[in-house]
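Reviewing the structure listed below.
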Amino acid sequence: MPGRFEFERGIRLSDLPPLSRGLALTIATWADIETGIIPNRHQPSMQTLLSATGMSKGSMLNHLDRLEADGWIVRVRPSVKKARTEHARTHYLLALPIGARGSDPLGLGQELTQPRSGADLALGQEPT
């Protein structure tokens, strides 16, 4: 299971449609940074995801299906009976499809090695 940042980097570098990317990144907001696991108490409901993304229910379901089919998420769905009687929710797991751990040509996942202040450069001077 990927860490949250590794998952987010993979999503940003993917060829997923914009709404699928947005949905995947929204789901990732509930995941632990280190492990990528979404704790049971933080699993988002369908209504929470609809509210957080502004998507319609039909669009949301289509994009969840796409993310799952492409290997970006795993959905663990409760039985219909449990969902109705116990209000059980779908659980989401972050995943990375095979080949998604590619390079980061734009440097989107790089961290700054040391902070820079504006005093480092004279006005109009270009960094070297």
Side-chain angles (χ1 to χ4, degrees):
M1 189 170 319
R4 178 175 160 190
F5 292 148
E6 184 180 10
F7 175 80
E8 290 175 350
R9 187 176 312 118
I11 290 293
R12 286 193 310 264
L13 295 171
S14 76
D15 61 355
L16 288 167
L19 289 177
S20 292
R21 287 183 194 196
L23 177 57
L25 293 172
T26 299
I27 291 169
T29 62
W30 284 281
D32 180 82
I33 291 172
E34 298 287 324
T35 66
I37 295 171
I38 302 172
N40 288 341
R41 70 183 182 281
H42 294 301
Q43 288 289 335
S45 67
M46 178 63 70
Q47 190 57 48
T48 298
L49 289 174
L50 290 169
S51 178
T53 62
M55 297 170 77
S56 69
K57 186 173 182 179
S59 181
M60 166 92 52
L61 292 173
N62 287 335
H63 289 285
L64 282 171
D65 288 344
R66 168 82 188 258
L67 290 170
E68 188 172 34
D70 288 359
W72 290 102
I73 63 169
V74 175
R75 289 187 283 182
V76 180
R77 297 176 182 98
S79 68
V80 173
K81 182 180 178 181
K82 274 193 167 228
R84 288 184 180 161
T85 60
E86 300 174 24
H87 305 288
R89 294 182 183 169
T90 297
H91 283 72
Y92 299 93
L93 304 170
L94 306 183
L96 283 178
I98 296 171
R101 299 173 197 239
S103 64
D104 189 0
L106 300 177
L108 295 173
Q110 293 179 356
E111 294 182 22
L112 296 175
T113 54
Q114 65 185 138
R116 287 182 36 167
S117 70
D120 291 344
L121 298 174
L123 185 60
Q125 183 182 9
E126 292 290 324
T128 55

Any residue meeting side-chain hydrogen bond (donor to acceptor under 3.5 Å, both in side chains) with Asp70, in chain and number order, not counting sequence neighbours: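 Residues passing side-chain hydrogen bond (donor to acceptor under 3.5 Å, both in side chains) with Asp70: Arg66.
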Suppose we screen for salt bridge (charged side-chain N to carboxylate O under 4.0 Å, His left out). Which residues come up paired with [X], at least two apart in sequence or across chains?
| X | value |
| --- | --- |
| Asp32 | none |
| Arg75 | Asp65, Glu68 |
| Arg89 | none |

Co-membership, hydrophobic cluster, residues Val76 and Ile37, 4.5 Å side-chain: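 Yes, it is one cluster - the side chains of Val76 and Ile37 are joined through contacts under 4.5 Å.
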Residue pair Ile38, His91: steps toward the side chain to side chain contact (heavy atoms under 4.5 Å, CB included) verdict: CA-CA 8 Å; Ile38 302 172; His91 283 72; over 6 Å; no
Test side-chain contact (heavy atoms from CB on, under 4.5 Å) applied to Lys82 - qualifying residues, sequence neighbours left out: Pro78, Ser79, Glu86, Ala88
Verdict with reasoning, Leu50 to Lys57, per side chain to side chain contact (heavy atoms under 4.5 Å, CB included): CA-CA 7 Å; Leu50 290 169; Lys57 186 173 182 179; 4.3 Å; yes
Closest contact, heavy atoms only, Phe7 versus Trp72: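 Heavy atoms only, the tightest pair is CE1-O, 3.1 Å.
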Over all atoms of both residues, closest heavy-atom pair of Leu94 and Arg4: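 Closest heavy-atom pair between Leu94 and Arg4: CD1-CA, 4.5 Å.
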Residues Ser59, Ser56; criterion side-chain hydrogen bond (donor to acceptor under 3.5 Å, both in side chains); working and verdict: CA-CA 5 Å; Ser59 181; Ser56 69; 4.5 Å; no
Pairwise side-chain hydrogen bond (donor to acceptor under 3.5 Å, both in side chains) hits with a residue in residues 19-30, at least two apart: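 Applying side-chain hydrogen bond (donor to acceptor under 3.5 Å, both in side chains) to every pair that reaches into residues 19-30, excluding sequence neighbours, yields Ser20-His63.
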Side chain to side chain contact (heavy atoms under 4.5 Å, CB included) between Leu67 and Tyr92, intermediate numbers included: CA-CA 11 Å; Leu67 290 170; Tyr92 299 93; over 6 Å; no
Non-hydrogen side-chain atoms of Leu25 and Glu8 separated by less than 4.5 Å: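 A side-chain contact exists here, since the closest heavy-atom pair is under 4.5 Å.
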Matching residue for Ile73 among Leu23, Leu64, Leu93 - test: side-chain contact (heavy atoms from CB on, under 4.5 Å):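 Of Leu23, Leu64, Leu93, side-chain contact (heavy atoms from CB on, under 4.5 Å) with Ile73 is met by Leu64 alone.
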OG1-CE distance between Thr35 and Met1, expressed to the nearest 0.5 angstrom: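 Reported value, rounded in 0.5 Å steps: 7.5 Å.
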